[in-house]
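Here the structure is laid out as structure tokens; the discussion comes afterwards.
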Amino acid sequence: HAKAAGKNNYQYYAGLMNSASLDKLELQNDLHRAVAAGDFELYYQPVVDLSTRRVVSVEALVRWFHPQRGNIRPEVFVPLAEEAGLIVGVGNWVLNEACMQMAEWRREGVALQRIAVNISALQFSEGGLLRHIINALESSGLPSHCLGLEITESLLMEDVSYTLGMLADLKAMDVNVSIDDFGTGYSSMSYLKQFPIDHLKIDRSFIANVLDSEQDKAITTAIIAMAKSFDLSVIAEGVESEQQALYLEELGCDSCQGYLYGKPMSAEDISRLLEDSAPLDRQLQKVIRGE
Ligand code: C2E
Ligand code: MG
Ligand code: MG
Ligand code: MG
């Protein structure tokens with residue numbers, strides 16, 4: 001068949017591809033354009049201190065608004081961007097934008113301690129990350145202690161000696177580091193103890209049923225106890241109800257993030273949310289009403 005297809009090779013191979021891989025190719029093409037055109041936006045989700053119920057930091061979450069397909073989830077396009085060699089471009093855009101926005105909030109007097117940025121596997125292992133971080137901090141004027149990175153557990157374990165070197169450099173720069181989606185990968189406790197990190201983020205899959213599932217209760221309790229003994233602060237992800245927040249507080253969890261305290265939102269909505277010192281539920285009502 002290949003011979004019969006002659007010069008029309010592309011059509012021949014395209015014919016063999018299922019629609020899923022064609023779709024992927026098309027999206028990757030669109031991604032190239034999106035990176036050049038800057039068709040991304042950052043949303044920010046509040047992280048709330050459980051003892052004060054105040055917003056202490058935000059996590060930056062990238063959004064791609066595709067001209068035809070609408071909003072494409074980062075879980076879909078981040079792996080595509082990695083495969084197409086575009087993730088460093090996207091990741092640097094995210095780093096710069098997050099630092100600029102956080103510097104602006106600080107100038108406005110918005111009381112936030114930190115902004116956290118997700119770092120993908122390729123971005124972490126690519127040699128230029130520290131340089132890119134320094135550039136983003138310098139061009140925005142943001143102090144390094146106001147920036148945090150979120151790195152997944154499995155990524156940190158991939159090459160432990162490389163990880164130890166990177167984490168030591170980040171610590172020396174005074175950049176915060178969190179382990180993201182904790183509990184879903186494999187980590188060796190003995191390595192974890194050696195990693196100079198600041199926070200553990202409990203994956204939201206454990207939080208979803210933490211009130212009903214004995215297993216999830218046990219896992220969450222164990223993660224919090226372990227984090228305490230390593231002197232790490234714990235953030236629970238995906239907190240959707242007040243009962244979950246109360247239960248997590250009881251277990252000694254430090255802060256939480258989830259729809260209970262706000263979905264990822266625009267920078268203006270964050271400013272509005274933090275503009276006054278009213279209790280969080282009233283601040284959220286204001287944002288919802290669009291005041
Ligand atoms: P993540 O870092 O674990 O981010 C948390 C995800 O959980 C976000 O999804 C957020 O919208 C969602 N979430 C937060 N609270 C709740 C809740 O109460 N209930 C439920 N059901 N979901 C909640 P999102 O924004 O779609 O991002 C998905 C993932 O994509 C992120 O997971 C992160 O791994 C990745 N990602 C996002 N932005 C970036 C980025 O700028 N760079 C890289 N490399 N990855 C990113
Ligand atoms: Mg994250
Ligand atoms: Mg996470
Ligand atoms: Mg996740």
Side-chain angles (χ1 to χ4, degrees), residues 31 34-35 38-48 55 57-65 70-102 114-126 129 132-133 136 147-156 176-185 197-211 220 223 234-245 248 255-267 269-270 284:
L31 253 181
V35 171
D39 284 344
F40 300 99
E41 203 178 313
L42 284 187
Y43 271 31
Y44 306 89
Q45 189 176 33
V47 177
V48 169
V55 179
S57 62
V58 292
E59 175 176 5
L61 294 155
V62 70
R63 296 291 178 259
W64 178 22
F65 295 106
N71 188 0
I72 300 180
R73 295 185 61 85
E75 262 134 353
V76 175
F77 78 80
V78 167
L80 289 182
E82 287 202 314
E83 221 178 282
L86 294 166
I87 193 62
V88 173
V90 176
N92 287 337
W93 180 87
V94 170
L95 264 173
N96 282 316
E97 182 73 15
C99 289
M100 289 291 191
Q101 183 58 61
M102 183 63 190
R114 197 179 334 105
I115 191 161
V117 169
N118 292 283
I119 300 296
S120 84
L122 275 182
Q123 231 186 323
F124 188 69
S125 49
E126 185 255 350
L129 181 61
H132 296 314
I133 291 171
L147 175 66
L149 306 183
E150 297 197 359
I151 306 170
T152 61
E153 185 184 4
S154 20
L155 175 50
L156 288 174
N176 253 261
V177 177
S178 309
I179 303 192
D180 204 354
D181 302 345
F182 190 79
T184 58
I197 49 170
D198 305 286
H199 318 273
L200 281 191
K201 298 190 76 173
I202 307 178
D203 192 70
R204 70 166 193 265
S205 60
F206 303 113
I207 306 302
N209 302 309
V210 77
L211 298 176
T220 304
I223 293 176
V234 190
I235 303 169
E237 297 191 289
V239 176
E240 296 185 357
S241 74
E242 184 59 35
Q243 293 97 297
Q244 287 171 334
L248 289 160
S255 28
C256 66
Q257 179 180 349
Y259 295 169
L260 172 65
Y261 293 118
K263 291 196 171 182
M265 57 184 97
S266 69
D269 282 347
I270 289 285
L284 276 169

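Both backbone and side-chain heavy atoms feed into the values below; hydrogens, waters and symmetry mates do not. Order of listing sets the numbers, starting from 1, for every ligand and every atom in it.
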* At the Mg ion (ligand 2): angle between Asn118 atom OD1 and Glu59 atom OE2, to 10 degrees -> 90°
* Could you go step by step and tell me if Leu260 and Gln244 meet the side-chain contact (heavy atoms from CB on, under 4.5 Å) rule? -> CA-CA 9 Å; Leu260 172 65; Gln244 287 171 334; over 6 Å; no
* **Nearest heavy-atom neighbours spanning Leu61 and Pro264** => CD1-CG, 3.6 Å
* Structure fact -> Row for the Mg ion (ligand 3): angle OD1 (Asp181) to OE2 (Glu237), 10° precision, value 150°
* **Heavy-atom pair of closest approach, residues Val177 and Asp198** => N-OD2, 2.8 Å
* Residue pair Ile115 / Tyr44, side-chain heavy-atom distance below 4.5 Å -> yes
* the Mg ion (ligand 3) to nearest N/O/S of Asp203 below 2.8 Å -> no
* Where's the contact between Asp181 and ligand 1, heavy-atom distance under 4.0 Å: side chain, backbone, both or neither? -> side chain
* Round to 10° and report the angle made at the Mg ion (ligand 2) by OD2 of Asp180 and OE1 of Glu150. => 90°
* To do: Under 4.0 Å from a heavy atom of Ser120: give me the atoms of ligand 1 that qualify, with their elements.
  => 44 (N)
* To do: Output the distance between atom OG (Ser255) and atom CD (Glu237), rounded to the nearest 0.5 Å.
  => 11.0 Å
* Heavy-atom closest contact (Gln123 atom, Leu129 atom, distance) -> O-CB, 3.6 Å
* Under 4.0 Å from a heavy atom of Glu237: give me the atoms of ligand 1 that qualify, with their elements. => 3 (O), 5 (C)
* **For the student: nearest non-hydrogen atoms of Pro46 and Gln257, plus distance** => O-CG, 3.6 Å
* Min side-chain heavy-atom separation Val62-Phe77 under 4.5 Å -> yes
* Asked: With backbone taken as N, CA, C and O and side chain as the heavy atoms from C-beta onward, which portion of Glu59 lies under 4.0 Å from ligand 1: side chain, backbone, both, or neither?
  -> side chain
* Leu42 contact mode with ligand 1 (heavy-atom cut-off under 4.0 Å) -> neither
* Structure fact -> Atoms of ligand 1 under 4.0 Å from any heavy atom of Gly258, numbered from 1 in the order shown, are 15 (N), 18 (O)
* Asked: Is ligand 1 less than 4.0 angstrom away from at least one heavy atom of Arg73?
  -> yes
* Where on Val94 is there a heavy atom closer than 4.0 Å to ligand 1, on the side chain, on the backbone, on both, or on neither? -> side chain
* So which bit of Arg63 gets within less than 4.0 Å of ligand 1, heavy atoms only: side chain, backbone, both or neither? -> side chain
* **Numbered atoms of ligand 1 (with element) below 4.0 Å of Gln45, judged on heavy atoms** => 14 (C), 15 (N)
* Does even one non-hydrogen atom of Lys263 get within less than 4.0 Å of ligand 1? -> no
* Asked: So do Trp64 and Leu31 actually touch side chain to side chain, heavy atoms under 4.5 Å?
  -> yes
* **For Pro74, the ligand 1 atoms whose distance to one of its heavy atoms is below 4.0 Å** => 24 (P), 26 (O), 27 (O), 28 (C), 30 (O), 36 (N), 37 (C)
* To do: Give the atoms of ligand 1, by number and element, whose distance to some non-hydrogen atom of Glu240 is under 4.0 Å.
  => 17 (C), 18 (O), 19 (N), 20 (C), 21 (N)
* Compare Leu61, Val78, Leu95, Ile207 and give the one whose heavy atom is closest to atom 4 (O) of ligand 1. => Leu61
* Asked: For the residue pair Ala136 and Cys99, what are the closest heavy atoms and their distance?
  -> O-CB, 3.7 Å
* Can you measure from CG (Asn118) to CG (Asp181) and round to the nearest 0.5 angstrom? => 8.0 Å
* State the OG-CD distance between Ser178 and Glu153, to the nearest 0.5 angstrom. => 13.0 Å
* Asked: What atoms of ligand 1 come closer than 4.0 angstrom to any heavy atom of Pro264?
  -> 11 (O)
* Asked: If you measure from each heavy atom of Gly91 to ligand 1, is any distance below 4.0 Å?
  -> no
